[in-house]
Colleague: 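Once you've had a glance at the structure underneath, I'll fire off some questions.
Whatever order the structure lists them in is the order used to number ligands and atoms, beginning at 1.
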Amino acid sequence: MTRAGLLGDLIACLGQAHVLTGADAEPYLTDWRQAVTGRALAVLRPADSDEVARVMRVCAAAGVPVVPQGGNTGQVAAATPDASASAVVLSLLRMNRVRAVDLDNDTITVEAGCVLQAVQEAAAQAGRLFPLSLGAEGSCTIGGNLATNAGGTQVLRYGNARELALGLEVVTPQGRIWHGLRGLRKDNTGYDLRDVYIGSEGTLGIITAAVLKLFPLPRTQRTALLAVPGLPQALQLLQRARAGFGAGLTAFEVMSLACLQDVTRAFPQQRLPFAELPEGAWCALLEISDSEDEQHAQERLEAVLSAAMEAGEALDAAVSVSGAQSAAFWHLRESITLALARAEACVKHDISLPASRIPDFVRCTDEALAAAYPGVAMRVFGHLGDGNLHYNLLPPAGAPQADIQRLVHDRVHEAGGSISAEQGIGQRRVQDLQRYKSEVELDLMRRIKQALDPQGLMNPGKVLPASPAGALP
Ligand code: FAD
Ligand code: ZN
């Protein structure tokens, strides 16, 4: 089929206004980090699941690859097409309706293009909490969150995106619609297809809607920012907070002082609430959610914090006394990614390990990096409660990024960890996956891909290496 013929068929599905080419398509073709720019036949903006299905049938018939895209905030260039201009980008952003709220079942049913923050707001309006929360929540979409199994800051208490989804609606690469929008908390009727699509980064099908879990809104929330001498003490503090708050501990984040200094330098209106801290210090951000009144939350927090200070786990502590102050603490944490984006070169790793191994891992890997690349500067932060660190660094000029990543990932692998805790594989980590996954695991993954997408048209070259159409990748 000619390009003009294909565009004609796509326009027949969506209307001229929603098949973008040329300059109109450009904003969709570069990844969030602005490191990868691809080309596309067109950018498609369907309005509903039927339109998605029609488009998929046209693409399957013509053998055209499809790259799904939500808010395009992903960190591994998974929503960016390759340079061949042979694929279409399928943007879900127009599919942004809340389809239903079921308060007795504590669920909300939303379309894939709903922005995460809009879902949080819709839940709050209904008197419920939708707990998924991450720095990109103002622009990332539920479809993208599910396709990457996003984590964020509330995983400790509520789990990853996977744990928050009860059912999905999916359009297959052949253009069939799987109506799996079941709001069931128990359903053992065979293979769990929902879990196959969650985390598959658009390589198996298009998620068009989801049923999500809702929770009671906490009556009170308190946030504390603590200065801690180092990661071993931060880990002890985490244990103390877990014991003291139980399920009331909804977040526990760590940030090295160097990261926070980058934030206050890049955004001078932001401040650290501590005077002088020793070099090498870290900060921990704790959030507790309480079903009782403010005084109860305050007393519990103070009891745990003063015990932590006495035990030498904390050097200093600042407790939020208002929502605005709590937001300011979170803003510090969430600005780290943006501050680092301004650095000339930042080598990023999104790793997870059993939390117990993190202090040793960081100490030994910092030392190995300093020995191999004198002048390297560490910029580490993350979700200690989940054993997940953004183990980032600023390399000395000329240091080869691939070698640095190999050193870090080899050590993560040796320690039994994961080289992608929450951001996915995309196109950035395809070779790493081949290196670190066992042959059995890779073979099973290839067979799933082959079974669900035999033409190899869904987001080719992401997660698994691209393969000729029809062949096993
Ligand atoms: P996109 O970037 O558009 O796409 C991501 C992947 O999902 C691609 O493979 C794409 O093809 C696929 N996809 C998108 N929509 C669909 C769909 N409907 N059906 C099938 N496939 C689809 N991540 C975390 O896990 N935790 C964090 O704390 C975190 N913090 C972040 C902070 C910042 C400032 C930024 C910019 C990003 C952060 N991220 C974090 C990255 C995170 O993965 C994304 O922000 C988000 O989950 C992706 O959603 P999106 O809609 O932007 O997806
Ligand atoms: Zn993160």
Colleague: Note the single closest protein heavy atom to atom 4 (O) of ligand 1, along with its residue, its atom name and the distance in Å.
Modeller: Ala79 CB, 3.7 Å
Colleague: Do any nitrogen or oxygen atoms of Asn145 come within less than 3.5 Å of a nitrogen or oxygen of ligand 1?
Modeller: yes
Colleague: Would a 4.5 Å heavy-atom cut-off, applied to side chains only, mark Gln434 and Leu464 as touching?
Modeller: yes
Colleague: What protein N/O/S atoms sit under 2.8 Å from the Zn ion (ligand 2), by chain and number?
Modeller: His383 NE2, His390 NE2, Glu422 OE2
Colleague: For atom 15 (N) of ligand 1, what is the nearest protein heavy atom, given as residue, atom name and distance?
Modeller: Gly144 N, 3.5 Å
Colleague: Does the salt bridge (charged side-chain N to carboxylate O under 4.0 Å, His left out) test come out yes or no for Arg428 and Asp31, once each step is laid out?
Modeller: CA-CA 11 Å; Arg428 197 161 273 140; Asp31 83 311; 3.3 Å; yes
Colleague: Nearest heavy-atom pair of Leu237 and Ala284: which atoms, and what distance?
Modeller: CD2-CB, 4.1 Å
Colleague: Could you tell me if the side chain of Gln174 sits less than 4.5 Å from the side chain of Pro454, heavy atoms only?
Modeller: yes
Colleague: Just let me know how Thr148 lines up against ligand 1, side chain, backbone, both or neither, with a heavy-atom cut-off below 4.0 Å.
Modeller: side chain
Colleague: Which is closest to atom 49 (O) of ligand 1 in terms of heavy atoms, Ala136, Ser91, Cys140?
Modeller: Cys140
Colleague: Which atoms of ligand 1 are found less than 4.0 Å from any heavy atom of Ala112?
Modeller: 18 (N)
Colleague: I'd like to know if Asp360 and Arg357 make a salt bridge, using a cut-off of under 4.0 Å between side-chain N and carboxylate O.
Modeller: no
Colleague: Looking at Glu201 and Gly426, would you say the former's side chain and the latter's main chain have a donor-acceptor pair under 3.5 Å?
Modeller: yes
Colleague: Of all the non-hydrogen atoms in the protein, which one sits nearest to atom 18 (N) of ligand 1, and at what distance?
Modeller: Ile207 O, 2.8 Å
Colleague: Which option wins on minimum heavy-atom distance to atom 9 (O) of ligand 1: Glu201, Glu111, Met95?
Modeller: Glu201
Colleague: Could you check atom 2 (O) of ligand 1 against the protein and tell me its nearest heavy-atom contact, residue, atom and distance included?
Modeller: Gly74 N, 2.8 Å
Colleague: For ligand 1, which atoms have a heavy atom of Gly202 less than 4.0 angstrom away?
Modeller: 20 (C), 21 (N)
Colleague: Look only at interatomic distance and state if Thr141 has a nitrogen or oxygen under 3.5 Å from any nitrogen or oxygen of ligand 1.
Modeller: yes
Colleague: Kindly confirm or rule out an N or O of Leu92 lying under 3.5 angstrom from an N or O of ligand 1.
Modeller: no
Colleague: Can a side-chain donor-acceptor contact be found between Arg411 and Tyr391 if the only test is distance below 3.5 angstrom?
Modeller: no
Colleague: For atom 40 (C) of ligand 1, what's the nearest protein heavy atom and its distance?
Modeller: Leu134 CD1, 4.1 Å
Colleague: Using distance alone, decide if ligand 1 has a nitrogen or oxygen within less than 3.5 Å of any nitrogen or oxygen in Thr73.
Modeller: yes
Colleague: Any chance you could lay out the side chain to side chain contact (heavy atoms under 4.5 Å, CB included) test for Trp282 and Leu384, step after step, and finish with the verdict?
Modeller: CA-CA 12 Å; Trp282 288 68; Leu384 187 65; over 6 Å; no
Colleague: Is ligand 1 under 4.0 Å from a heavy atom in the side chain of Pro68, in the backbone, in both, or in neither?
Modeller: both
Colleague: So that I can tick it off, tell me whether Arg99 and Glu169 are bridged by a salt bridge, with the cut-off set at under 4.0 angstrom between side-chain N and carboxylate O.
Modeller: yes
Colleague: Which atoms from ligand 1 have a heavy atom of Gly205 less than 4.0 Å away?
Modeller: 20 (C)
Colleague: Could you tell me which atoms of ligand 1, counted from 1 in the order shown, lie closer than 4.0 angstrom to a heavy atom of Gly143?
Modeller: 15 (N), 16 (C), 18 (N)
Colleague: Verify, without hydrogens or angle tests, whether Asp48 (side chain) and Glu51 (backbone) share a donor-acceptor contact under 3.5 angstrom.
Modeller: yes
Colleague: Hey, is CZ on Arg271 packed in by over 12 heavy atoms from elsewhere, all under 6.0 Å?
Modeller: no
Colleague: Has ligand 1 got any nitrogen or oxygen that is less than 3.5 angstrom from a nitrogen or oxygen of Asn459?
Modeller: yes
Colleague: Considering Ala77, Ala150, Ala147, which one's heavy-atom position lies nearest to atom 7 (O) of ligand 1?
Modeller: Ala147
Colleague: If only atom types and distance count, is the side chain of Lys449 paired as donor or acceptor with the main-chain N or O of Thr203 below 3.5 Å?
Modeller: yes
Colleague: Check the pair Arg54 / Asp50 against salt bridge (charged side-chain N to carboxylate O under 4.0 Å, His left out), numbers first and verdict last.
Modeller: CA-CA 6 Å; Arg54 259 187 273 156; Asp50 286 333; over 6 Å; no
Colleague: Heavy-atom pairs closer than 4.0 Å: do any link ligand 1 to the side chain of Trp32, the backbone, both, or neither?
Modeller: side chain
Colleague: Quick check: Asn72 and ligand 1, any N/O pair under 3.5 Å apart?
Modeller: yes
Colleague: Considering both backbone and side-chain atoms of Gly71, is one of its nitrogen or oxygen atoms within less than 3.5 Å of a nitrogen or oxygen in ligand 1?
Modeller: yes
Colleague: Which protein non-hydrogen atom lies closest to atom 27 (C) of ligand 1, naming both residue and atom, and how far is it?
Modeller: Glu422 OE2, 3.4 Å
Colleague: Is the CD atom of Gln269 crowded by more than 12 outside heavy atoms at less than 6.0 Å?
Modeller: yes
Colleague: With a 4.0 Å cut-off, would you call Asp432 and Arg435 a salt bridge?
Modeller: no
Colleague: So does Arg176 have more than 12 non-hydrogen atoms from other groups sitting under 6.0 Å from CZ?
Modeller: no
Colleague: Would Gln75 count as a polar contact of ligand 1, with the cut-off being nitrogen or oxygen pairs under 3.5 Å?
Modeller: no
Colleague: Got the closest protein heavy atom to atom 25 (O) of ligand 1, with its distance?
Modeller: Gly151 N, 2.8 Å
Colleague: Please check if any side-chain donor atom of Ser335 sits under 3.5 Å from a side-chain acceptor atom of Gln270, or the reverse.
Modeller: yes
Colleague: Measure across Leu164 and Pro131 and return the closest heavy-atom pair with its distance rounded to 0.1 Å.
Modeller: CD2-CG, 3.9 Å
Colleague: Would you mind listing which atoms of ligand 1 come within a distance below 4.0 Å of any non-hydrogen atom of Gly152?
Modeller: 26 (N), 27 (C), 28 (O)
Colleague: Counting heavy atoms only, which part of Thr203 comes closer than 4.0 Å to ligand 1: side chain, backbone, both or neither?
Modeller: neither
Colleague: Could you tell me whether the side chain of Arg57 and the main chain of Gly175 form a donor-acceptor pair under 3.5 Å?
Modeller: yes
